[in-house]
Every structure is written in structure tokens, then in C-alpha cells.
Trainee: 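First the structure, then my questions, so here it is.
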Amino acid sequence: RFTYLQRPDLGRRLSQYAQDALLAAQDPEQPAPDLAVVIVDGLSSSAVQTNAAPFLERFMGDLEQERQSWQLAPLTIVEQGRVAIGDEIGALLRARIVVVLIGERPGLSAPDSLGIYLTFGPQSGLSDARRNCISNVRPAGLRFEDASQRLLYLIREADRLQLSGVGLKDRTEEVVIENHPTNNNFLTN
């Protein structure tokens, strides 16, 4: 853990063994996946232990309800990783979009906060400006149902626009506000 904290660069790269294992698990005859999901312990392993499985259960159920059929890569789990590890994994798996679930920096009030990062066209060396983030996913923060719907929206929009990050705006709250029956906001009426 000391090395993880002192050398963030090591958490952004896979070992040669891990790279070889990912490549060996692929069938080159199969089409490239649309979506790769990566679970990373990050700075809070308790956030991943507590929230990753219930969030994924909800998200996978919601994903099945989509009109579009999404081809998924095998789930990847990384210990002592950083957000950017998803870019290398997504590139190795040839995925169009990578989603990273990671334990966020524990604060005084939320040591179990899960972060979700989405990147379209993952490749090693991308900056954070190419990612979208959904933060504070946990029962006492952003509920799994809401986080799942927000992630689905971002995936659809990333696919439609062929981009992610600063060019992809999360407009899920605007949609909810505009369509809410008790909306009294004169700007959206």
C-alpha cells in the first residue's frame, strides 16, 4: 500500500503477466466488445466491497432492458489500481467504451464512496479530460438506481457522439427536472 500511495504511476499500468492474461482470454474471431467493466479497489477497498456488486446487479439489469444489445467484455478486477488502468484494459480488450468502478478517496463522512468513470475509445495515456465521472455512489449518497440510469445515459450519448469527457455533458438532471410533474421552474416551462 505504501508503494501504491508513493507511486501513482504504477497503479495506471498492468504488469506483463496481467497483459498476457487479458490477451489470452480473448477470442480474436469474436467481434470487439462494446463495453468493458473494470472494478478497482483504489483508495477505498471498503467502497468496492460494499457497493460494487449491488450497483452492478442493478446496472446489468438496466442494461438488459436497453433496446440496443451491448456486447460485454469479461469483467476485470484490479488490485491497487488507479482510474487510468481502465484505459489500458479497455484498449487490450478492444472495447469501444470502458467503465471503471473504483473506491474513492475516503472522506470523514463517506469512507465507502464508489466512483464510476466512463471513457470512450480507451487507450493508454489519456488525460482525465477524456473521462466522465459519477461520484458518491452508495446508499447514503447517489442511489444505485440513479447512478445506473446516469451511467446508461452517458453510455448512450458517448456511443452516439463518439466521445467522452469534457465534450460529453451529463444532462440527466435536466431531463428529470423538465419532465417532473411538480416542476415550478419558469425557465423550463
Trainee: Salt bridge (Lys or Arg N to Asp or Glu O under 4.0 Å), that's the test. Do Arg156 and Asp159 meet it? Break it down for me.
Mentor: CA-CA 5 Å; Arg156 279 189 232 106; Asp159 186 50; over 6 Å; no

Trainee: Leu56 versus Ile39: any side-chain heavy-atom pair under 4.5 Å?
Mentor: yes

Trainee: Could you report the tightest heavy-atom contact between Leu118 and Ser164, atom names first, then the distance?
Mentor: CD2-CB, 3.7 Å

Trainee: How long is the gap from CE on Met60 to CH2 on Trp70, to the nearest 0.5 Å?
Mentor: 12.5 Å

Trainee: With no hydrogens and no angle check, is any side-chain donor or acceptor of Ser135 less than 3.5 Å from a backbone partner on Gly115?
Mentor: no

Trainee: Between CG of Leu151 and CG of Leu35, what distance do you get to the nearest 0.5 Å?
Mentor: 7.5 Å

Trainee: Do Ile134 and Leu101 land in one hydrophobic cluster if side-chain heavy atoms of ILVMFWY residues count as linked below 4.5 Å?
Mentor: yes

Trainee: Could you walk me through whether Gln26 and Arg94 pass the side-chain contact (heavy atoms from CB on, under 4.5 Å) test, one step at a time?
Mentor: CA-CA 10 Å; Gln26 292 184 64; Arg94 303 175 295 133; 3.2 Å; yes

Trainee: Restricting to non-hydrogen atoms, name the atom on Ala95 and the atom on Pro122 that form the minimum distance, rounded to 0.1 Å.
Mentor: O-CD, 3.4 Å

Trainee: If you look at every heavy atom in Arg82 and Val40, which pair is closest and at what distance?
Mentor: N-CG1, 4.0 Å

Trainee: Do Asn51 and Ser113 have side chains that get closer than 4.5 Å, going by heavy atoms?
Mentor: no

Trainee: With heavy-atom distances below 4.5 Å as the criterion, would you say the side chains of Ile155 and Phe120 are in contact?
Mentor: no

Trainee: Any side-chain heavy-atom pair from Val100 and Arg131 closer than 4.5 angstrom?
Mentor: no

Trainee: Working to the nearest 0.5 Å, report the span between CD1 of Ile102 and OG of Ser45.
Mentor: 11.5 Å

Trainee: Side-chain heavy atoms nearer than 4.5 Å, only ILVMFWY residues, links allowed to pass through others: does that put Leu75 and Phe144 together?
Mentor: yes

Trainee: Hey, is the main chain of Lys169 close enough, under 3.5 Å, to the side chain of Glu157 for a donor-acceptor pair?
Mentor: no

Trainee: With a 4.5 Å heavy-atom cut-off, do Asp41 and Gln80 have their side chains touching?
Mentor: yes

Trainee: Check the hydrophobic clustering (I, L, V, M, F, W, Y; side-chain heavy atoms under 4.5 Å; chains of links allowed) and say if Leu161 and Val99 are grouped together.
Mentor: yes

Trainee: At their closest point, which heavy atom of Gly103 faces which heavy atom of Val48, and how far apart are they?
Mentor: N-CG2, 3.5 Å

Trainee: Might you work through the side-chain contact (heavy atoms from CB on, under 4.5 Å) test for Leu63 and Leu152, ending with a clear yes or no?
Mentor: CA-CA 7 Å; Leu63 195 62; Leu152 283 172; 3.5 Å; yes

Trainee: Is the number of heavy atoms from other residues, nucleotides or ligands within 6.0 Å of CD (Glu57) greater than 12?
Mentor: no

Trainee: How long is the gap from OG1 on Thr76 to CD1 on Ile89, to the nearest 0.5 Å?
Mentor: 5.0 Å

Trainee: Got a second to check how far Asn136's CG is from Arg143's CZ, nearest 0.5 Å?
Mentor: 13.5 Å

Trainee: Answer yes if Leu22 and Leu126 sit in the same cluster of Ile, Leu, Val, Met, Phe, Trp and Tyr residues linked by side chain heavy atoms under 4.5 Å apart, and no otherwise.
Mentor: no

Trainee: Please answer whether the main-chain N or O of Pro111 pairs with a side-chain N or O of Ser44 as donor and acceptor at a distance below 3.5 Å.
Mentor: yes

Trainee: side-chain contact (heavy atoms from CB on, under 4.5 Å) for Ile85 and Leu14? Distances and angles first, verdict last.
Mentor: CA-CA 7 Å; Ile85 196 76; Leu14 292 172; 3.8 Å; yes

Trainee: Count the heavy atoms belonging to other residues, nucleotides or ligands that lie under 6.0 Å from CD of Glu79, then report whether that count exceeds 12.
Mentor: no

Trainee: Going by an N to O cut-off under 4.0 Å, is there a salt bridge joining Arg13 and Glu88?
Mentor: yes

Trainee: Any idea which heavy atoms bring Ala73 and Leu93 closest together, and the distance?
Mentor: CB-CD1, 3.8 Å

Trainee: Cluster question for you: counting only ILVMFWY and a side-chain heavy-atom cut-off of under 4.5 Å, with indirect links fine, are Ile77 and Leu72 together?
Mentor: yes

Trainee: Nearest 0.5 Å, what's the CD-CG distance between Gln149 and Leu154?
Mentor: 11.5 Å

Trainee: Going by heavy atoms in the side chains, are Ile116 and Phe55 under 4.5 Å from each other?
Mentor: yes

Trainee: For Asp62 and Ser148, test the side chains for any donor-to-acceptor distance below 3.5 angstrom and give the result as yes or no.
Mentor: yes

